[in-house]
Amino acid sequence: MVRYNILRSAVCHWASKCKGIHLMKREIDYILRTTIENCFERNLLSRTDLPGYVIEVPGNPDHGHFATNLPLTLASAQKLPPRKIALIIADNLKDESNLLEKIEIAGPGFLNFRIRLGKWYSVLSDIITSGKDYGRNKIGENEKVVVEFISANPTGPLHLGHGRGAALGDTLCRILSFCGYDVVREFYINDAGQQIRLLGESIFSRLMQMKNPEYPFPESGYHGEYIRDLAEEIAGQINPDLMPKEEAIEMCSQKGKEIMLEDIKHDLSVFRVSFDVWYSESDLYDSSKLDNDLETMKGNGHLYEEDGALWIRTSDYGDDKDRVIKKKDGQFTYFASDISYHLDKHKRGFSKAINIWGADHHGYVPRIKAALMTHSVPENWLSVMLIQLVKLWKSGQEIKMSKRAGNFVTLQELVDEVGVDAVRFVFLTKNHDSTLDFDIDMVKKQDSENPVYYVQYAHARICSIFRKAEEEGITLPDNLEGILELLVLEEEVTLLRKMAEFPSLLEEISNTLEPHRLTYYLTELASSFHRYFNLGTKIAENRIISQHKDLTRARLALAGAVRIVISNGLELLGISAPERM
RNA sequence: GGGCGAUUAGCUCAGUGGAUAGAGCGCUGGUCUCCGGAACCAGAGGUCGCGCGUUCAAAUCGCGCAUCGCCCGCCA
């Protein structure tokens with residue numbers, strides 16, 4: 001949906017840059033505004049400002065290709081009933097480029113438009129010539145954005161929750177890049193502090209237990225089985241009998257964290273997720289960036305000491321209260337390094353930063369924004385997307401997980417069981433802000449209950465049709481002009497309309513940060529195609545490959561375009577588009 | 001107690017100002033001498049948690065209430 005402002009130039013000079021649905025909306029808007037202006041001049045309507053109206057693609061096919069609520073929004077200023085205004089507009093419509101086939105007044109005063117079929121055929125040509133680039137656009141041009149996601153501690157394997165963040169972040173990055181943004185994908189490694197120490201202690205204990213099963217295990221240590229695996233792997237490199245305990249624990253920390261990080265990288269590459277930057281927290285300390293930032297903050301008067309600790313005055317910028325960044329015992333809090341990390345992002349020249357965090361960190365958002373504002377970073381520079389919990393179901397039972405206790409399902413286990421495509425798809429079917437139930441049994445089924453197959457099947461089916469066409473020696477001409485007019489079925493126009501929405505959908509996803517809309521879109525497109533295909537099972541003339549040569553070519557072109565859009569969409573989701581299933 | 005989020009069909013969820021509120025699964029009944037049935041069609045199923053307000057128009061915006069989840073540390 002696009003809102004228009006009458007104060008903008010009435011000339012559609014940017015129309016040449018837009019395509020598909022956008023272009024048509026602009027053209028309709030131009031017609032509407034020209035018409036209204038004409039009505040003003042002839043005193044058919046009294047001259048008033050135009051309110052915010054909408055030109056949208058209606059869900060109901062009876063409502064035409066496009067609809068506007070302009071007459072409804074004009075009603076109060078004109079002091080006329082909406083249907084009366086609609087009638088005036090319809091009667092005086094200035095459609096100089098002959099875009100419209102039909103216009104109707106409907107409901108309380110909507111105007112429904114039907115576009116001439118010829119307009120839709122240009123969409124088809126556009127898809128075929130653009131191919132892999134269909135949907136690509138430039139709305140992000142000159143924008144450099146950093147997307148930080150997952151950022152798991154290297155103290156254990158990635159689990160389900162990380163998987164959701166991984167699928168979301170990766171797909172968002174793919175879409176943003178496709179929309180022209182300069183995207184940097186970043187993983188912040190919490191490789192300093194207490195939890196790494198705890199990892200070392202846990203490994204060390206398991207190491208000692210190899211000889212002495214009675215050796216105590218740290219109360220708050222990591223109980224997962226993987227710690228024993230780490231201990232075994234490290235056992236060949238460390239002999240705890242030959243070095244002081246402290247040194248051994250330190251080595252366990254270092255080795256353990258390195259191995260875990262490699263595991264994480266491996267799991268992510270299997271999950272088709274890549275990063276440009278692995279940003280190490282400990283570098284912030286080693287490079288003295290943190291110290292420098294503290295000096296700056298002190299100079300700006302945002303820090304103060306109280307009760308032996310160092311505080312930052314975040315409450316000046318909307319946080320509930322001030323926060324400690326250096327504890328009484330001289331240790332920095334995590335918040336300190338997080339501030340420094342985000343300042344560093346800002347210094348690196350990103351016009352926008354996006355973080356994907358678990359929803360349990362939501363209370364953290366105001367404080368990091370406040371800290372940034374003490375450095376004059378605007379509040380909306382950082383967008384934080386919060387992802388809710390994933391609940392895992394198996395055999396009708398919820399599987400409860402706890403990292404500390406060590407019973408959790410890892411991302412790798414899940415991927416091994418149901419496959420990357422299905423896991424990614426399911427993670428992207430829900431808004432990130434609502435909890436997600438992942439039913440393993442359903443996703444494992446290789447049948448229609450599995451949502452990802454539905455879309456992939458449409459792709460494989462089209463490939464199959466092309467194989468068949470090839471067998472019969474049917475080829476597509478370079479120039480489709482003259483034959484596309486044969487596409488007159490309502491189902492064919494529906495497909496064209498749906499595909500025309502693809503570029504603007506991607507723009508909207510970039511603006512709203514809602515990648516899950518792409519899975520819905522692809523499901524709808526696949527559905528429209530399956531329905532179209534099934535027309536041919538009843539009536540032979542409706543088959544894509546028929547006796548009518550030119551009609552067959554036109555329909556193959558249409559099916560080929562659907563294949564392109566599905567393939568491009570799946571690529572953005574990081575999901576394969578199989579030719580056979 | 002305060003904050004954030006949620007509440008839509010039997011279940012899991014889409015839908016942020018418009019027309020008869022949608023999808024998948026489940027349920028009932030249909031479509032195969034087939035270009036792939038991993039598909040399609042039809043049907044049943046809803047006081048959009050409750051109330052008040054704003055608006056020509058509210059699932060959608062505001063206020064209040066209820067229920068659920070999460071957060072509220074000089075932990076990470």
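Treat the numbers as computed from the prediction; the structure is a model and nothing was measured. Letters go in sequence order (proteins before strands), and every chain restarts at 1.
- At whole-Å resolution of the value, NZ in A:K498 and C1' in B:A23 are 12 Å apart.
- Summarising the base pairing, B:A42 is matched to B:U28 through a Watson-Crick or G-U wobble pair whose two defining distances lie under 3.5 Å.
- For A:Y454 and B:C40, the shortest distance from a side-chain N or O to OP1 or OP2 is below 4.0 Å.
- Contact check, A:K328 against B:G73: no side-chain N or O comes under 4.0 Å of OP1 or OP2.
- Taking atom CG of residue A:D437 and atom P of nucleotide B:C13, one finds them 4 Å apart after rounding to whole Å.
- Counting only heavy atoms from C-beta on, A:S527 has its side chain closest to B:C40 among B:C35, B:G15, B:C40.
- Atom NZ of A:K430 and atom C1' of B:G5 are 18 Å apart (whole Å).
- Distances shorter than 4.0 Å separate some side-chain N or O of A:R531 from OP1 or OP2 on B:C41.
- Distances shown here put every side-chain N or O of A:H516 at or beyond 4.0 Å from the OP1 or OP2 atom of B:C13.
- In this structure, the NZ atom of A:K538 is 12 Å from the P atom of B:U33, given to the nearest Å.
- For A:K321 and B:C71, the NZ to P distance is 15 Å, given to the nearest whole Å.
- Checking A:N542 against A:Y532 by side-chain atom types alone, no donor-acceptor pair falls below 3.5 Å.
- Atom-to-atom, CZ of A:R83 to P of B:C56 comes out at 19 Å; the value is rounded to the nearest Å.
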